[in-house]
Amino acid sequence: MATEPREDPADDRRANYDYASDDVDRPALVADLEDRVEGDVRFDSYSRELYATDASAYELTPIGVVFPRSTDDVAAVVEYCAYREIPVLPRGGGTSLAGQTVNRAVVLDFTRYMNDVVAVAPDDREATVQPGAILGSLNERLATHDLKFAPDPAWGDKSAIGGAIGNNSTGSHSLQYGKTDAYIDSCEVVLADGTRTEFGEVTLSEIAKRADPDGDLEARIYAEIERILEEDADAIGEAYPDLKRNVSGYNLDRLVCEARGEPLPGDEETGEAGTVNLARLLAGSEGTLAIVTEATVSLEPVPATKSVALLCYGGLHEAMADVENVLAHDPAAVEVLDDVLIDLARGTAEFGPVTGILPDGTNAVLLVEFYASGPEEGRDRVADLLADRVPDADPEGEPAEEIPDGGDPIAVDALEAYDAEERATFWKLRKSGLPILLSRTTDEKHVSFIEDTAVPPESLPEFLEGFEEILESYDTYASFYAHAGPGVLHVRPLINTKTEFGLDQLHGIADEVTDLVVELGGSVSGEHGDGRARTQWNRKLYGEGVWEAFRGLKTAFDPDWLLNPGQVVYREGDPTDLREHLRFSPDYEFESGFEPALEWDNDNGMQGMVELCHGCGGCRGDQETTGGVMCPTFRASREEITSTRGRANALRSAMDGDLEPGEAFSDEFVEEVMDLCIGCKGCAIDCPSEVDMAKLKAEVTHEYHQRNGATFRDELFARVEELSKWGSALAPLSNLAPKVPGARKLMEATVGIATDRSLPTFHRETFEDWFDERGVSAVDPHEADRRVVLYPDTYTNYSNPAAGRAAVRVLEAAGVHVAVPDVSDTGRPAFSKGFLDRARETAEENVDALSPAVEAGYDVVVVEPSDAVMLQSDYLDLLSGEAVRELAANSYGICEYVDRFDLDGRLEFEAPGTALAYHGHCHQKAAARDHHAVGVLRRAGYAVDPLDSGCCGMAGSFGYEAEHASMSEAIGSVLYDQVEASPGERVVAPGASCRTQLGDRPGAEAKPPTPIELVAAALSAE
């Protein structure tokens, strides 16, 4: 089940990219490694900057990156680096929040090749996986057996199993399942000298036999484990907090409890005394002890039924005081959201409607989820909870006669959810927190450095009060959310680390919060690990004795301290400091090198957008597990540089001095980084931070043209309106010309238009011609309920006038008066190719032409989706003023217009009964306007399967460009698979590019129709 791309688009002879720069560091080292491994070795400047960050606040440029294909590759790299005294860092999805996956080291990225689910044994409830396997993909494979890997970190559809082991990850349902360590049966590993071995269950007597302090590396490891169990066990038992959610330091408490046969905190049984599982010692070790190359993990059944209650409180303190009472009902999850985030959510387009379900006076919520054997039990468990905590509620289920008595109720109200859609709505509200916090473009950021401290749940009220006092003393604030049940609150103070004052806040808050945590019997990390943010506090948390045990264990496993050094524990004289190696520090400087051409209404303008990506890796999910639009080029290539995160990091590096001055406008940077962004806009909706890479690409491309000029082909595509006008005037000759033998090869050789792409055909009679010839609209403007100007976009006008005619028929059948304005293209082609001045001129002309109609009460309707979004969104980036805002607010895609104003409710349809697979346009998806067509088609009588698809890959001119044709086809193949898997008998798509791509797919007989054509075809003949 490896997710390696089927074919690398860069292998196409026409491709002008290889995902790397030509500036290679340490070429002799590269040559040595390439001689030793089958995988890829990259020490170029781009690749090194791409791996300098993760999802944390830290940045540290690595020595280089290796993509191993096998355990043999890993062993060869580690053995060679050990000989050369070069540090090595294993890395999965790079989603770590504490900085543990950035280091001055050779990075091993397992997600490209070593990502296979090797075997599944459903009867044994076991799976064997490689470290780069993504958790979401693993669970998708297991779903057919009604099994899952139980720990559920929030980014499980982008994070790797190796990272889950390295962090000892858990998630929202840790009350039910605990941490990753409980599910590790055995691990194949490579030790610090390159030795391959396996760790798993072993008896203490076997450890004694293998132990030899003067033996080889493995024997010395066993000797140190034996010493810890004999000499440090009591100190470990006393130092470790009695806490279920503790991932600070090495996993020595589990080692001791297993050896003694004692239960872990949370009453997790460890089996009989005398046996330990050494693979579990690696959980939470952050790649500092050994490198996992394969793991066998145990699995859990998927729960039969879930039920959710949303308890509403007047404030966060009341919610925290109620957590212990809620836990008495044995829920699977208890999550909290505070007033700060609820208020912020109310002001967002995505989460605002969700907050509307909350009763008045709600300033904090506890989301409580139960697992049950069936629907009735699920309702009854919620009923028990509500009878105890919200006795005035009228639950759907029947409470038991005897329920836990938690004392006086604190919650002011409650909501219930049982079906999947209702539960998803509640969880969406809970998960709104992080995207809102990460959308800041100011210099102040909600920094992750004490965001997963953990305390016993009964101490949450005291912890909250003390935490708020600390924040107030440092003149900042934070929101509180996440895993209240196990006592893990996510808290990200607002800090500007670009200032010395911010660094003082960072260190002072962390120091004082650590004291508070220790006082309350908690841990400095209950979920996200130590890394650069928290390693220094392990000494304070555990004391000198256990700290020395950590150092002894590290030295035994890694005598030269070359495996991810500085994480979990550090050498005396070389301390880890959370203020060092920050992505944004007082030394940070940003220089774009040009004045932005677009309107940037966010804080810090374009700079704020360039710096916005926080590195969570949301753009690295597979279509099957993550869905959505973002990021199609990554899904086709699985290369970091083709993800939104990769592009954002590369662009920031080009503007903050990490790359050579002016690098952003070099041919290589444009070809490797910017040109492979297809402008789908998916990041504007799917990225938690809403990094608008399409807009950034337009800015950079525009400046590139200003400095270097533009190619003839770019000019040609930017002027496609003029080209289409001539093509229509010369039809049908213009349609025959490309069919002349050798014509297409000549076009590819001279202009760079791919030979294997279907070119647009032109109609002699344009849509405008047809409309003019028919005379006035069939609906009198004075009698019409609504009046529209139907924009004659370039493609509809010259190449697909049938769609324009269908739109007129549907609108007029609904009693809408239709006029067609005298305008040119929307400016989309010029905008997409980075000719922003030209696009602005076109936009100004169109605003001037359309504003009188808008002022007169007309709406503007567009058939082609990308042109509709151009008017609705991109014009606001090009122009300012009331006129453009009014035009944007009154512009609609055709199906959006029909749906929004319930026009199809006035129509009579003859049910066609055809089952459709609907592929929506990425621009409309990014603008949250894509769903309208599905509703209209269904009400017209079609059975519609809306595909959760990304961009088709054609992306305007992108798929026509010879050097990009293979990437376009690779992206398209993801969509083709979805179409084939759909029960739809026929595919339908609104966009010209989408229809071209789908028409070129293997086995396709013709381009798909547009939705409006099918709606028109379904109209009753009467």
Practice problem: May I ask you to test the Glu377-Thr305 pair for a side-chain heavy-atom distance under 4.5 Å? | Solution: no
Quiz item: Could you go step by step and tell me if Ile509 and Thr476 meet the side chain to side chain contact (heavy atoms under 4.5 Å, CB included) rule?
Solution: CA-CA 10 Å; Ile509 291 171; Thr476 189; 3.9 Å; yes
Quiz item: Cut-off 3.5 Å, side chains only: do His483 and Glu527 have a donor facing an acceptor?
Solution: yes
Quiz item: Just by modelled atom types, is the Gly178 backbone N or O under 3.5 Å from a matching donor or acceptor in the Ser174 side chain?
Solution: no
Quiz item: Any Lys/Arg nitrogen of Arg534 or Glu451 sitting under 4.0 Å from an Asp/Glu carboxylate oxygen of the other?
Solution: yes
Quiz item: Mind checking whether Phe149 and Tyr183 have parallel, tilted or perpendicular rings, split at 30° and 60°?
Solution: perpendicular
Self-check item: Criterion side chain to side chain contact (heavy atoms under 4.5 Å, CB included) on Leu385 and Phe370, from CA distance to verdict
Solution: CA-CA 10 Å; Leu385 174 69; Phe370 294 98; 4.0 Å; yes
Quiz item: Of Asp405, Asp322, Asp408, which is the lone residue that meets salt bridge (Lys or Arg N to Asp or Glu O under 4.0 Å) with Arg389?
Solution: Asp322
Self-check item: Pairwise side-chain contact, Ser96 with His528, heavy-atom cut-off 4.5 Å (strictly under)
Solution: no
Quiz prompt | Modelled atom types, side-chain donor and acceptor of Thr296 and Thr128, under 3.5 Å | solution = yes
Exercise. Mind running side chain to side chain donor-acceptor pair (under 3.5 Å) on Asp945 and Ser982 for me, showing each step along the way?
Key: CA-CA 7 Å; Asp945 175 27; Ser982 171; 2.6 Å; yes
Quiz prompt | Ser298 versus Arg125, side-chain donor and acceptor atoms under 3.5 Å | solution = no
Quiz prompt | Closest approach of Ser459 to Leu520 (non-hydrogen atoms, all atoms of both residues) | solution = OG-O, 4.1 Å
Quiz prompt | Asp380 side-chain N/O to Glu398 backbone N/O, donor-acceptor pair under 3.5 Å | solution = yes
Exercise. Answer yes when Lys148 and Glu300 have at least one side-chain N-carboxylate O distance shorter than 4.0 Å, and no when they do not.
Key: no
Exercise. Decide if the gap between the ring center of Trp155 and the ring center of His614 is smaller than 6.0 angstrom.
Key: no
Quiz item: Do Asp686 and Lys925 meet the salt-bridge criterion of a basic N to acidic O distance under 4.0 Å?
Solution: no
Quiz item: Would you find a donor on one side and an acceptor on the other, under 3.5 Å apart, between the side chain of Arg245 and the backbone of Ala454?
Solution: no
Exercise. Could you give me the CA-CA distance, side-chain angles and deciding distance for Glu335 and Lys431, then say whether salt bridge (Lys or Arg N to Asp or Glu O under 4.0 Å) is met?
Key: CA-CA 10 Å; Glu335 302 284 295; Lys431 292 179 178 179; over 6 Å; no
Quiz item: Counting distance only, does the side-chain N/O of Thr514 pair as donor-acceptor with the main-chain N or O of Ala510 below 3.5 Å?
Solution: yes
Self-check item: Side-chain touch Ile165/Ile184, heavy atoms, less than 4.5 angstrom
Solution: yes
Exercise. Would you check if the side chain of Asp419 reaches a backbone N or O of Glu421 as a donor-acceptor pair within less than 3.5 Å?
Key: yes
Quiz item: Any side-chain heavy atom of Glu369 sitting closer than 4.5 Å to one from Phe426?
Solution: no
Self-check item: Gly406 backbone acceptor or donor facing Glu324 side chain under 3.5 Å
Solution: no
Quiz item: Does any N or O in the side chain of Ser689 come within less than 3.5 Å of the main-chain N or O of Leu438, such that one atom is a donor and the other an acceptor?
Solution: yes
Quiz item: How about Glu262: does its CD atom have over 12 heavy atoms from other parts shown lying under 6.0 Å from it?
Solution: yes
Quiz item: Around Asp394, counting heavy atoms of other residues, nucleotides and ligands shown, do more than 12 lie under 6.0 Å from its CG?
Solution: no
Exercise. Could you grab the distance from atom CD of Glu465 to atom CG of Leu460, nearest 0.5 Å is fine?
Key: 13.0 Å
Please list every donor-acceptor pair under 3.5 Å in which a side-chain atom of residues 356-367 meets a protein atom from a residue at least two apart or in another chain.
| unit_1 | atom_1 | unit_2 | atom_2 | d |
| --- | --- | --- | --- | --- |
| Thr362 | OG1 | Pro359 | O | 2.7 |
| Asn363 | ND2 | Gly314 | O | 3.0 |

Quiz item: If you measure from CG on Leu344 to OG1 on Thr355, what distance do you get to the nearest 0.5 Å?
Solution: 11.0 Å
Quiz item: Do Trp427 and Thr425 touch side chain to side chain, with heavy atoms closer than 4.5 Å?
Solution: no
Exercise. Would you mind listing every ring pair (Phe, Tyr, Trp, His ring centres under 6.0 Å) that reaches into residues 249-282, with sequence neighbours excluded?
Key: Tyr250-Phe550
Quiz item: Going from CZ on Arg430 to OG on Ser172, what distance comes out if it is rounded to the nearest 0.5 angstrom?
Solution: 5.0 Å
Exercise. May I ask you to decide if Ala279's main-chain N or O and Asn277's side chain share a donor-acceptor pair within less than 3.5 Å?
Key: yes
Practice problem: Could you check Asp384 against His329 for side chain to side chain contact (heavy atoms under 4.5 Å, CB included), going step by step and ending with a plain yes or no? | Solution: CA-CA 8 Å; Asp384 289 349; His329 293 266; 4.2 Å; yes
Quiz item: Do Ser523 and Ser248 have side-chain atoms, one donor and one acceptor, less than 3.5 Å apart?
Solution: yes
Quiz prompt | Flag for Asn325-Asp388: side-chain donor and acceptor within less than 3.5 Å | solution = no
Exercise. Report yes if the side chains of Asp185 and Val297 come closer than 4.5 Å at any heavy-atom pair, otherwise no.
Key: no
Quiz item: Do Gln100 and Asn167 meet the criterion of a side-chain donor-acceptor pair at a distance under 3.5 Å?
Solution: yes
Quiz item: Short question: side chain of Glu140, backbone of Gly136 - any donor-acceptor pair under 3.5 Å?
Solution: no
Quiz item: Where do Ser448 and Leu97 come nearest, in terms of heavy atoms and distance?
Solution: OG-O, 3.2 Å
Quiz item: Should Arg346 and Asp343 count as an ion pair when the cut-off is N to O under 4.0 Å?
Solution: yes
Quiz item: Rounded to the nearest 0.5 Å, how far does CD of Glu462 lie from CG of Leu516?
Solution: 7.5 Å
Practice problem: Among Leu264, Leu252, Asn251, find the residue that satisfies the side-chain contact (heavy atoms from CB on, under 4.5 Å) test when tested with Tyr240. | Solution: Leu252
Exercise. Working to the nearest 0.5 Å, report the span between CZ of Arg254 and CG of Asp181.
Key: 4.0 Å
Exercise. Could you label the plane-to-plane angle of the Phe480 and Phe467 rings as parallel, tilted or perpendicular, counting under 30° as parallel and over 60° as perpendicular?
Key: perpendicular
Practice problem: Would you give the length of the straight line joining atom CG of Leu175 to atom CG of Leu327, rounded to the nearest 0.5 angstrom? | Solution: 6.0 Å
Quiz item: Side chains of Val488 and Thr453: closer than 4.5 Å at any heavy-atom pair?
Solution: no
Quiz item: More than 12 foreign heavy atoms under 6.0 Å from CD of Glu268: is that the case here?
Solution: yes
Self-check item: Donor-acceptor side-chain pairing of Ser479 and Asp338 below 3.5 angstrom
Solution: no
Quiz item: Can a salt bridge be assigned to the pair Arg379 and Glu416 using a cut-off of 4.0 Å between side-chain N and carboxylate O?
Solution: no
Self-check item: Any donor-acceptor pair under 3.5 Å from Lys244 side chain to Asp267 backbone
Solution: no
Self-check item: Residue pair Asn168 / Thr180, side-chain donor-acceptor N/O under 3.5 Å
Solution: no
Practice problem: Using a 4.5 Å cut-off on heavy atoms from C-beta on, say whether the side chain of Ile134 contacts that of Thr625. | Solution: no
Exercise. Check step by step if side chain to side chain contact (heavy atoms under 4.5 Å, CB included) holds for Val256 and Arg260.
Key: CA-CA 6 Å; Val256 170; Arg260 293 175 168 179; 3.9 Å; yes
